[in-house]
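Right, one structure below, let's go through it.
Index from 1, following the sequence. Just the heavy atoms: all of them, side chains too, but no hydrogens, waters or symmetry mates, feed the values below.
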Amino acid sequence: MATASVTFKSREDHRKQLELEEARKAGLAPAELDEDGKEINPHIPQYMSSAPWYLNAERPSLKHQRKWKSDPNYTKSWYDRGAKIYQADKYRKGACENCGAMTHTTKSCMDRPRKLGAKWTNKHIAPDEKIETFELDYDGKRDRWNGYDAATYARVIERYEARDEARRKYLKEQQLKKLEEKNNNQEDDVEVSEEEDDEDSLKVDEAKVDESKQMDFAKVEKRVRTTGGGSTGTVRNLRIREDTAKYLLNLDVNSSHYDPKTRSMREDPLPDSDPNEKFYEGDNQYRVSGQALEFKQLNIHAWEAFEKGQDIHMQAAPSQAELLYKNYKVIKEKLKSRTKDTIMEKYGNAASEEEIPRELLLGQSEREVEYDRAGRIIKGQEMSLPRSKYEEDVYINNHTTVWGSWWKDHQWGYKCCKQMIRNSYCTGSAGIEAAEAATDLMKANMARKEAAEEKPEHAEEKRLATWGTEIPDDLVLDEKLLAVALKKEDERKRAEKDERKRKYNVKWDDEVTVEDMEAYRMKKVHHDDPMKDFLH
């Protein structure tokens, strides 16, 4: 439930407020005034909804239920374009040095830079501009038609009407001249029928004049944007008036957005329809076709060339950028054709219409091959050795053989000096003899060392059975020790079943004998054995 925005300090204030309301209803007290200063009739509902039941039932007390009124600080006025406020006769201190106006500085002056500014000549002082500051609300800041004067369109209508009137007057004069020439050439005894024919031709000419007035319905005087400023040119509107407007092609709210001021619809309004039946596919299609695509490629070339160090800028020097781009395309085509000619010169062109040489066509060559009576090749087709991409028969560091020509003890080396180090210099037969002598000396030292050392006596190790090992075939078990091991295994299993009998200090024997292992295997329960329930 909504609560009232009026608060009372005490019950007495509440009582007084209710008495005042009753007096106003009875006409005994002055009426309450609204925000505009008008009298409020308590018997007429003034607002959208009623107030809470416990207070002021004739009018709402919440702010959002009252009649909305905009902030008085906001305004809808706009700048007075081109308005001047004061015209000075001489230069004033602190004014613009170029034109002499006080409302801006020399740096922000929009007039043509003078050879000698107003500060020095004290002539042609420009008037001060009218500077205004407005506090606009949210909608006022974003209103694209703000400041537009509809009365200015009357000048456009006047200009078109004056042009049509001048055209109509000119055509009428031309028509009258033709009629005068015809009348001068006619003879005195002209029949009435001929006069009627002239009147018919005059009517035809008038009809032609009416058609000519409508011939320029698609001619639009438009300001063409160029780099050097603006020039007025004639732009033809190629859309036929019988065609459906692009904003009527798809009335779905979620379809392509249409901007009414610029008359642009960037996306395709009918993306799912047949492209052969569409005459409009959105404004974005013009950005990837025709000269727009060439201009985009020109921009990309300018960016890439600037990154690589060339002094090129599309906005600063557009003619230079376009000339460099044309030269780049010409050089690129030359390189392509040169590469193509080189490849065709080396490998030939199979797609050309030139005749294939006879020796290639019939498989003839200068190589002589001899055959026997059975058709076997006797001479002329020797096995060609495969060539490697690595250099062959190249020896380094005075070696007479290549690396990898000798192998010993899983190592590669040189056969000429039997060295295992690849970057070593060749020592020849002297190196081989030294290496063999070093090997013999090392073997003699090893044999002498083995003979000097005394062989230790090998103590008989007690063979213990390990967990998980298989039972050897030659295993001999002691029956008495086996019986003792079986009893120990039974006691261990009983202790596992009853944990309460386990002592605090338990001593474990890590040495497992063969009999203990056999007792464990005999008492072990195999869960996969189907006869496990019958074992005792």
Under 3.5 Å, side chain of [X] to main-chain N/O of [Y], donor-acceptor pair present?
| X | Y | result |
| --- | --- | --- |
| K278 | L270 | yes |
| T401 | C416 | yes |
| E129 | T103 | no |
| D372 | G375 | yes |
| N250 | D252 | yes |

Donor-acceptor pairs are to be reported for all side-chain atoms of residues 138-148 against protein atoms at under 3.5 Å, with residues two or more places apart or in another chain.
unit_1: R142; atom_1: NH1; unit_2: Y138; atom_2: O; d: 3.1
unit_1: D143; atom_1: OD1; unit_2: W145; atom_2: N; d: 3.2
unit_1: R144; atom_1: NH1; unit_2: D259; atom_2: OD1; d: 2.7
unit_1: R144; atom_1: NH1; unit_2: D259; atom_2: OD2; d: 3.4
unit_1: R144; atom_1: NH2; unit_2: D259; atom_2: OD2; d: 3.3
unit_1: N146; atom_1: ND2; unit_2: G140; atom_2: O; d: 3.3

Heavy-atom closest pair, residues [X] and [Y]:
| X | Y | value |
| --- | --- | --- |
| P269 | L249 | CG-CD1, 3.9 Å |
| G100 | A95 | O-CB, 3.5 Å |
| Q87 | A126 | NE2-C, 4.2 Å |
| D80 | K130 | OD2-NZ, 3.8 Å |

Could I get the full list of ring pair (Phe, Tyr, Trp, His ring centres under 6.0 Å) partners for Y247, not counting sequence neighbours? Y258
With salt bridge (charged side-chain N to carboxylate O under 4.0 Å, His left out) as the test, would you mind laying out the steps for D341 and R338 before giving the verdict? CA-CA 5 Å; D341 295 341; R338 188 183 303 171; over 6 Å; no
From [X] [atom1] over to [Y] [atom2], what is the distance, rounded to the nearest 0.5 angstrom?
| X | Y | atom1 | atom2 | result |
| --- | --- | --- | --- | --- |
| C99 | M110 | SG | CE | 11.0 Å |
| W303 | L298 | CH2 | CG | 10.0 Å |
| D149 | R81 | CG | CZ | 10.5 Å |
| S289 | E294 | OG | CD | 10.5 Å |

Heavy-atom side-chain contact between [X] and [Y] under 4.5 Å:
| X | Y | result |
| --- | --- | --- |
| D283 | K246 | yes |
| Y86 | P127 | no |
| Y371 | I378 | no |

Could you go step by step and tell me if D164 and R167 meet the side-chain contact (heavy atoms from CB on, under 4.5 Å) rule? CA-CA 5 Å; D164 294 341; R167 184 187 293 112; 3.1 Å; yes
With sequence neighbours excluded, residues passing side chain to side chain donor-acceptor pair (under 3.5 Å) with N98: none
Charged N to carboxylate O under 4.0 angstrom, R168 versus E165? yes
Salt bridge between R92 and D128, side-chain N to carboxylate O under 4.0 Å? yes
Please list every donor-acceptor pair under 3.5 Å in which a side-chain atom of residues 310-324 meets a protein atom from a residue at least two apart or in another chain.
unit_1: H313; atom_1: ND1; unit_2: Q315; atom_2: N; d: 3.2
unit_1: H313; atom_1: ND1; unit_2: A316; atom_2: N; d: 3.0
unit_1: Q320; atom_1: NE2; unit_2: D311; atom_2: O; d: 3.4

When the ring centroid of Y414 is compared with that of W403, is the distance short of 6.0 Å? yes
Check the surroundings of atom CD in Q297: do more than 12 heavy atoms from other residues, nucleotides or ligands lie under 6.0 Å from it? yes
Between T342 and T339, do the side chains contain a donor N or O and an acceptor N or O under 3.5 Å apart? no
Please lay out, stage by stage, how K123 and D89 fare under the test salt bridge (charged side-chain N to carboxylate O under 4.0 Å, His left out). CA-CA 8 Å; K123 295 179 181 179; D89 297 332; over 6 Å; no
Which residue pairs satisfy the ring pair (Phe, Tyr, Trp, His ring centres under 6.0 Å) criterion with at least one member in residues 90-124, sequence neighbours excluded? none
Using a 3.5 Å cut-off and no angle test, enumerate the donor-acceptor pairs between side-chain atoms of residues 423-438 and protein atoms at least two apart in sequence or in another chain.
unit_1: S424; atom_1: OG; unit_2: Q419; atom_2: OE1; d: 3.4
unit_1: S424; atom_1: OG; unit_2: I421; atom_2: O; d: 2.7

Take Q175 and K172 through the test side-chain contact (heavy atoms from CB on, under 4.5 Å) and record every step on the way to the result. CA-CA 5 Å; Q175 191 175 3; K172 192 70 176 176; 4.3 Å; yes
